[in-house]
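This report concerns only the one structure given below.
Every heavy atom of this structure was used, including side-chain atoms; hydrogens, water molecules and symmetry mates were not.
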Amino acid sequence: MMSRLAKKSPSLCTDQPLDNTDICNKLYLLRHLLTSCFGPRGRLKQVHNNIGGRVVTTSTSSVLLSAVSSSQPFINLIKISILNHVSRFSDCGLFAAILCLSIIERAKQSGLRGSVVIKVNKYLLDLCTCYLQQEDCGVRVKLDFCSSQNLIKLARSSISSKPACVLTEQETLHISRLAVQAFLLTVPCNSPGTTVTLGKTVIVSVEGHSVLSSSVFPGLLVDMPDVFHLNNMEYLHSNPLRMVLFSASLAGDLSELGDGRIEMHPGVDTDSQILDQLLELGKQVVKDEVKLFVCQKVIHPVLQQYLRSRGIIVIERLGITLMEPLTQLTGAQPVATLHTTIPPQAYGKVRDLTIRQFGSKTMLHLQPPGESAICTMILSHRNETMLSELKVVCQKTEHVLRFTLREPSALLGGGCTETHLAAYVRHKSMKEATEALSSLGCSQTDYLLGIEGFCRSLESVATALEHDDGKSLLDLTHAHHWTLPADVMKEHMEHNLGPCGCGLVESIPDKKWTYLHTKYPQISPAPLARDTAVQPRVLDSFTAKVNALQVAVETANLALDVRYVIHDMN
């Protein structure tokens, strides 16, 4: 037996992983892979496992990073850190990844010691976060909940940056409006003295129909394949209707009775006894005037027939995902057993029941008896791949919108926040150079190299938005970002440049410009006169982007600080 055991292989130890050519090549490849997906004009990626399975077409960081695997622990360290950010904030994953990898790459190119770069990066990150939190921050926009326009722009920025959804301008705007409508429906009305709990949006996918047929409904829509049982619905539109919800299976199988020992007497028909128990349950709900009977799992056909013959609507196989929104909507308490009498407090209520048809889906629309923060989004698209990506994007957009309740702010999009922030950091860090050098304990040369690497990494995120060989420009007044098409010379750019990436700054003939990634005079970005007639076209989530900035810098610092990678090969 012992002779068959294989000898344990020694662990593989990599000294100074960032000096390893293979690791650096993989980091370079990963940065270019993610950069090519960035922004509204990002290129799609098809990911396929070499042992089979479905092909994933996406440009979304959560899907892409989850699908791309690496045997290199150092790469996985960065990947897991970005995925952790995305799982918590649902946005700015590509921003965080591109910035992180750019900082690592430029730190290597600078030749600075890792400890020096880490200290400078921490100092510059503090400058950025402090500036972004200021009320007079030049790239921060306050959101007014009296108007939905900026919320729609925030949703639109999130949706339009995912080209795998394949949406026209009209479709993007339609879905953005629906996302905001659904979000607002999940925010409960203010009730003094009660705990406010956000509701939920349930997304129902309908393949093969136009995106413009997508819609949002207050309440909950559930599949109702047995529509022929609903011949008489007229009496279900007046007073609140009593309903009951079971989380236990009502299929009548012994296996559904739970764990433990079952004693069976000879000659006893267990199936008949269980069915009798189910029918007793049916008699009770009929007596209690229940009109809607819902079960998370399967209901025995005999019980179904008994209930329907008494005018009760029966829904089985509801599924675990709809249990929570249904309890919130109706106030019902799920019944987990069929062996006790249903207590009165377990019953819930619905105000109205309506049959709705969406393509091949027949659904029962449940309206709450009073105010409710549950709604259903019917999401349509032309094929499964596009619909799958659109569903992920809508879920993430709802999450992003929820952050505005905690922090009603947004950041300018289109690369303007990154270029403005880079210009601000250059100016502020030089203005406070004496104090910074004293606290950091590094030479002025190292300090300047560290600043340049950090700021050029920020600018790299802005240039990553361009995928057609265009040039990225910076105006030397407000430090906003422009893109010059590849076929236009700089001498003629005044006639070919519209507003900046975020849409707040117009191109004018006497404006001074410079290309990004070139030396330019140090400037203090001038604040914009906030003209209410000119509104930003592109907004990013404030909460998600600030956290992504912190995650990017901290992950880069962690990677720069790794001395050894020990990989267990067994």
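- More than 12 heavy atoms of other residues, nucleotides or ligands sit less than 6.0 Å from atom CD of Gln357.
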Quick one, Ser380 with Leu387, criterion side-chain contact (heavy atoms from CB on, under 4.5 Å). Give me CA distance, side-chain angles, the key distance, then yes/no. CA-CA 7 Å; Ser380 305; Leu387 184 58; 5.7 Å; no
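- A salt bridge does not link Arg310 to Glu289: none of the charged side-chain nitrogens sits closer than 4.0 Å to a carboxylate oxygen.
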Checking salt bridge (charged side-chain N to carboxylate O under 4.0 Å, His left out) for the pair Arg382/Glu171: CA distance, chi angles, key distance, verdict? CA-CA 12 Å; Arg382 292 176 285 279; Glu171 289 169 343; 3.0 Å; yes
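- Heavy atoms only, all atoms of each residue included: Ser409 and Phe542 are closest at O-CB, 3.4 Å.
- Distance check, rounded to the nearest 0.5 Å: CD1 of Ile320 to OG of Ser247 gives 8.0 Å.
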Does the side-chain contact (heavy atoms from CB on, under 4.5 Å) test come out yes or no for Val141 and Leu411, once each step is laid out? CA-CA 6 Å; Val141 178; Leu411 291 174; over 6 Å; no
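- Taking each heavy atom of Thr397 and Ala179 in turn, the nearest pair found is CG2-CB, 4.0 Å.
- Residues Leu281 and Ile342 have side chains in contact (heavy-atom distance under 4.5 Å, counting atoms from C-beta outward).
- In this structure, the side chain of Ser213 engages the main chain of Ser210 through a donor-acceptor pair within 3.5 Å.
- Of all heavy-atom pairs spanning Thr330 and Val350, the tightest one is CG2-CG1, 3.5 Å.
- Nearest heavy atoms, Thr404 versus Phe183: OG1-CZ, 3.9 Å.
- Using modelled atom types, one finds a donor on one side chain and an acceptor on the other under 3.5 Å when comparing Ser36 with Lys45.
- No more than 12 heavy-atom neighbours from other residues, nucleotides or ligands sit within 6.0 angstrom of NZ on Lys200.
- With no hydrogens or angles considered, a side-chain donor-acceptor pair links Glu324 and Gln328 at under 3.5 Å.
- Asn150 contributes atom CG, which lies 5.5 Å from atom CD of Gln535 (distance to the nearest 0.5 angstrom).
- In this structure a side-chain-to-backbone donor-acceptor pair under 3.5 Å is present from Ser309 to Tyr306.
- When all heavy atoms are compared, the tightest approach of Leu504 to Pro536 is CD2-N, 3.6 Å.
- Note that the CE atom of Met224 and the CG atom of Leu366 stand 9.5 Å from one another [nearest 0.5 Å].
- The aromatic rings of His365 and Phe217 stand perpendicular to each other, their planes meeting at an angle above 60°, with 30° marking the opposite boundary.
- In this structure, NZ on Lys162 lies 12.0 Å from OG1 on Thr172, to the nearest 0.5 angstrom.
- Ring centroid separation for the pair Phe293 and Phe246 comes in under the 6.0 Å cut-off.
- Remark: Lys391 does not engage Glu384 in a salt bridge, criterion side-chain N to carboxylate O under 4.0 Å.
- Checked against a 6.0 Å centroid threshold, the rings of Phe403 and Phe89 count as neighbours.
- Looking at Lys283 and Asp276, no side-chain N of the basic residue comes within less than 4.0 Å of a carboxylate O on the acidic one, giving no salt bridge.
- The pair Glu418-Lys545 meets the salt-bridge criterion, since a charged nitrogen lies less than 4.0 angstrom from a carboxylate oxygen.
- The OG1 atom of Thr543 sits 9.5 Å away from atom NE2 of His399, with the distance rounded to the nearest 0.5 Å.
- Side-chain contact between Arg356 and Phe358 is present, with heavy atoms from C-beta onward closer than 4.5 Å.
- Heavy-atom minimum distance, Cys165 versus Val393: SG-CG2, 3.7 Å.
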As a quick check of understanding, evaluate side-chain contact (heavy atoms from CB on, under 4.5 Å) for Met243 and Leu326, giving each step before the final call. CA-CA 11 Å; Met243 62 87 62; Leu326 186 57; 4.2 Å; yes
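- For His174 (side chain) and Ser214 (main-chain N/O), a donor-acceptor pair under 3.5 Å exists by modelled atom type.
- Put simply, the side chain of Leu65 reaches to within 4.5 Å of the side chain of Leu34, judged on heavy atoms.
- Looking at heavy atoms from C-beta onward, Leu132 lies in side-chain contact with Val139 at the 4.5 angstrom threshold.
- Panel note: side chain Asp91, backbone Ser158; no donor-acceptor pair is recorded below 3.5 Å.
- Side-chain contact check for Leu364 versus Leu221: every heavy-atom pair is 4.5 Å or farther apart.
- At least one side-chain heavy atom of Cys37 sits under 4.5 Å from a side-chain heavy atom of Leu94.
- Contact check on Glu407 versus Arg140 returns a salt bridge, with a Lys/Arg side-chain nitrogen under 4.0 Å from an Asp/Glu carboxylate oxygen.
- A distance of 10.0 Å separates NE2 in His85 from OG1 in Thr555, rounded to the nearest 0.5 Å.
- Contact of the Thr201 side chain with the Thr376 side chain is not registered, since no non-hydrogen atoms from C-beta on lie closer than 4.5 Å.
- With hydrogens and angles left out, the side-chain atoms of Gln304 and Arg308 include a donor and acceptor closer than 3.5 Å.
- Checked by atom type and distance alone, the side chain of His467 pairs as donor or acceptor with a backbone atom of Phe38 at under 3.5 Å.
- The main-chain N or O of Val290 is never found under 3.5 Å from a side-chain atom of Asp288 such that the two would form a donor-acceptor pair.
- Side-chain polar atoms of Gln333 and Gln345 form no donor-acceptor pair below 3.5 angstrom.
- Remark: side-chain polar atoms of Thr417 are paired, donor with acceptor, to backbone N or O of Leu412 under 3.5 angstrom.
- Looking only at distances, a side-chain donor or acceptor of Ser541 sits under 3.5 Å from a matching main-chain atom of Ala544.
- Not a single donor-acceptor pair under 3.5 Å links the side chain of Ser147 to the backbone N or O of Asp144.
- In terms of modelled atom types and a separation under 3.5 Å, the side chain of Asp468 and the main chain of Gly470 share no donor-acceptor contact.
- With no hydrogens or angles considered, a side-chain donor-acceptor pair links Thr60 and Glu389 at under 3.5 Å.
- Side chains of Asn547 and Arg88 form a contact here, defined as non-hydrogen atoms less than 4.5 Å apart.
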Applying side-chain contact (heavy atoms from CB on, under 4.5 Å) to Leu245 and Thr327, what does each step give before you reach the verdict? CA-CA 8 Å; Leu245 174 62; Thr327 56; 3.6 Å; yes
